[in-house]
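Beneath this line is the structure, given in structure tokens, with notes to follow.
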Amino acid sequence: MRIVKTTERGAKDAERLLRELEQRGAVKTAEVEPVVRKIMERVRKDGDKGLRKLAEKFDGLQEKQPLRVTAGEMLDAWNATSPELQEAMRTAAENIRSFAEQQKPDEWFTENTPGVTVGQIVRPLESVGCYVPGGRFPLPSTLLMTTIPAQVAGVERVVVVSPKPARETLAAAHLAGVTEMYRTGGAQAVAALAYGTETINRVDKIVGPGNLYVTAAKVIASTECGIDMPAGPTEIVVTSETGNAEGIAADLVAQAEHDPETLAVFVTANEKLAKQVAELAHKRAKGNALAKVSLRARGTVFLCESVEETHAITNRLAPEHLTVDAASDLLWVRNAGSVFVGNFAPQSMGDYISGPNHVLPTGRVGRVRGGLSVTDFLKVITVQDYTAAGLKTLGPKAIALATAEGLVAHAESVRVRMNGGKR
Ligand SMILES: NC(=O)c1ccc[n+]([C@@H]2O[C@H](COP(=O)([O-])OP(=O)(O)OC[C@H]3O[C@@H](n4cnc5c(N)ncnc54)[C@H](O)[C@@H]3O)[C@@H](O)[C@H]2O)c1
Ligand SMILES: N[C@H](CO)Cc1c[nH]c[nH+]1
Ligand SMILES: [Zn+2]
């Protein structure tokens with residue numbers, strides 16, 4: 001990992017690097033966009049035929065292999081899973097479910113003026129597509145993280161797509177009670193979910209993480225259907241003055257092993273800790289080819305002049321995962337997907353088992369939202385209910401506002417109802 005000082009001499013380099021990192025999402029998406037558009041157009045035009053060809057090319061789908069995964073395959077995979085892994089998956093599923101239950105927004109009504117009741121009702125989406133990565137590593141944990149909140153929300157049709165799904169992913173699908181799953185991934189799978197093919201009916205929203213191709217495809221698909229967020233190559237920032245150097249280095253290397261595009265950053269004003277973490281991360285990454293590549297490409301330690309500056313830089317980066325020293329640090333955290341507090345909260349616990357979702361915003365989208373939640377699968381629909389008395393009270397004010405805007409028919413529509421439907 002390179003150490004970049006923000007002191008006078010290093011200030012310009014640090015600022016240049018920060019600006020570059022601030023643009024990471026848009027720049028990376030633009031790099032793959034032309035290829036992704038081509039793939040998606042092929043699926044839009046050729047449907048299943050195009051999808052199969054692309055799945056054969058990119059995901060190793062065999063010529064005679066059906067796209068759809070059967071319930072029997074999922075059951076067999078579950079039965080072939082060790083009791084220890086079954087137990088771990090059950091605990092993960094329970095924690096994800098109970099966290100999602102707690103996140104559910106309430107329906108409520110209130111009378112804000114006598115005779116005027118306003119409020120909100122909450123309804124699930126009808127259909128969602130959950131993308132479960134499977135390129136470099138199978139991620140059964142992501143299957144649980146995406147499908148369970150959808151079920152908690154009450155989504156009727158939950159579709160899973162995943163390239164060359166491994167046995168563990170199929171086992172997780174059985175545990176989660178998945179009823180519709182296809183072995184296809186990348187931009188072609190996103191296109192199939194967004195546009196529909198003969199085999200796969202289109203969905204209302206696509207959720208889930210993926211590499212640069214998947215993330216760019218979701219952004220393109222967002223003109224056709226809803227998407228949760230860009231949840232692309234993993235990002236980790238640790239901001240610490242007093243943390244355990246071994247633990248910090250281990251966290252950085254852990255997230256760096258996801259993808260050569262991973263962003264791994266340590267921010268501190270403690271020079272000794274900066275050097276220790278850089279050295280330990282280097283040592284730990286030695287036996288891990290992917291972590292080595294991403295740490296060499298982007299691994300950075302920002303050595304700051306003050307603790308306040310470490311906070312400012314962290315919020316500018318708006319990382320997917322953030323680790324801080326203590327609960328009191330939450331006061332300065334403004335931008336992050338998910339926060340881990342203290343020396344005993346490795347980020348990998350959030351990846352698997354704690355309960356909060358591991359599908360998290362990347363590319364600085366942490367400025368505007370947090371991780372995937374049950375609310376991504378729900379619509380909050382507002383309601384307004386008037387009595388004649390309520391309309392009599394508020395109607396003249398609405399008429400005044402409509403008249404000011406020159407919208408005469410609006411004013412008239414209020415008057416007509418105030419007069420009991422007469423002119
Ligand atoms: N932000 C989050 O919440 C989060 C959570 C989990 C994982 N992730 C990220 O998910 C990603 C998983 O990536 P992955 O690659 O292992 O699996 P993936 O399923 O996301 O992508 C694999 C697919 O990418 C497509 N692809 C690969 N190379 C291509 C090329 N040259 N041209 C066109 N398409 C191509 C193929 O269709 C392949 O099936 C990682 O980047 C990881 O960091 C992010
Ligand atoms: N760290 C990933 C989110 O960027 C989630 C994950 C799944 N499995 C392991 N890790
Ligand atoms: Zn991870």
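Computed from a predicted model, the values in this text were never measured in an experiment. Order of appearance sets the numbers: ligands from 1, and atoms from 1 within every ligand.
- Heavy atoms of Q188 found under 4.0 angstrom from ligand 1 belong exclusively to the side chain.
- For ligand 2, the polar-atom distance check against H358 finds no nitrogen or oxygen pair separated by under 3.5 Å.
- If you check which protein heavy atom lies closest to atom 20 (O) of ligand 1, you get N211 N, 2.8 Å.
- For ligand 2, none of its N or O atoms has an N or O atom of T142 under 3.5 Å away.
- D259 and R136 are joined by a salt bridge, as a carboxylate oxygen and a charged side-chain nitrogen come within less than 4.0 angstrom of each other.
- Using a 30° and 60° split on the angle between ring planes, H311 and W332 fall in the parallel class, below 30°.
- With a 4.5 Å cut-off on side-chain heavy atoms, L290 and F137 count as touching.
- The protein heavy atom nearest to atom 2 (C) of ligand 1 is E320 OE2, 3.2 Å.
- Among all protein heavy atoms, the one lying closest to atom 42 (C) of ligand 1 is T234 OG1, 3.6 Å.
- For atom 5 (C) of ligand 2, the choice among L144, L360, D351 with the nearest heavy atom turns out to be D351.
- The closest approach of H258 to the Zn ion (ligand 3), by N/O/S atoms, is made by NE2.
- The shortest N or O to N or O distance between L360 and ligand 1 is under 3.5 Å.
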Quiz prompt | Test salt bridge (charged side-chain N to carboxylate O under 4.0 Å, His left out) applied to E94 and R97, step by step | solution = CA-CA 5 Å; E94 272 165 31; R97 194 176 298 279; over 6 Å; no

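- At a 4.0 Å cut-off, not a single heavy atom of F137 sits close enough to ligand 2 to count as contact.
- Look at E235 and you'll find every heavy atom at least 4.0 Å from all atoms of ligand 1.
- Using 4.0 Å as the threshold, M145 has no heavy atom nearer than that to any atom of ligand 2.
- Atom 4 (C) of ligand 1 has its closest protein heavy atom at P209 CB, 3.2 Å.
- Protein heavy atom nearest atom 7 (C) of ligand 1, with residue, atom name and distance: L139 CD1, 3.8 Å.
- Comment: D204 does not engage K379 in a salt bridge, judged by the lack of any side-chain N to carboxylate O separation of less than 4.0 angstrom.
- Ligand 1 has a nitrogen or oxygen under 3.5 angstrom from a nitrogen or oxygen of H358.
- Heavy-atom contacts of Q255 reach the following atoms of ligand 2: 1 (N) (cutoff under 4.0 Å).
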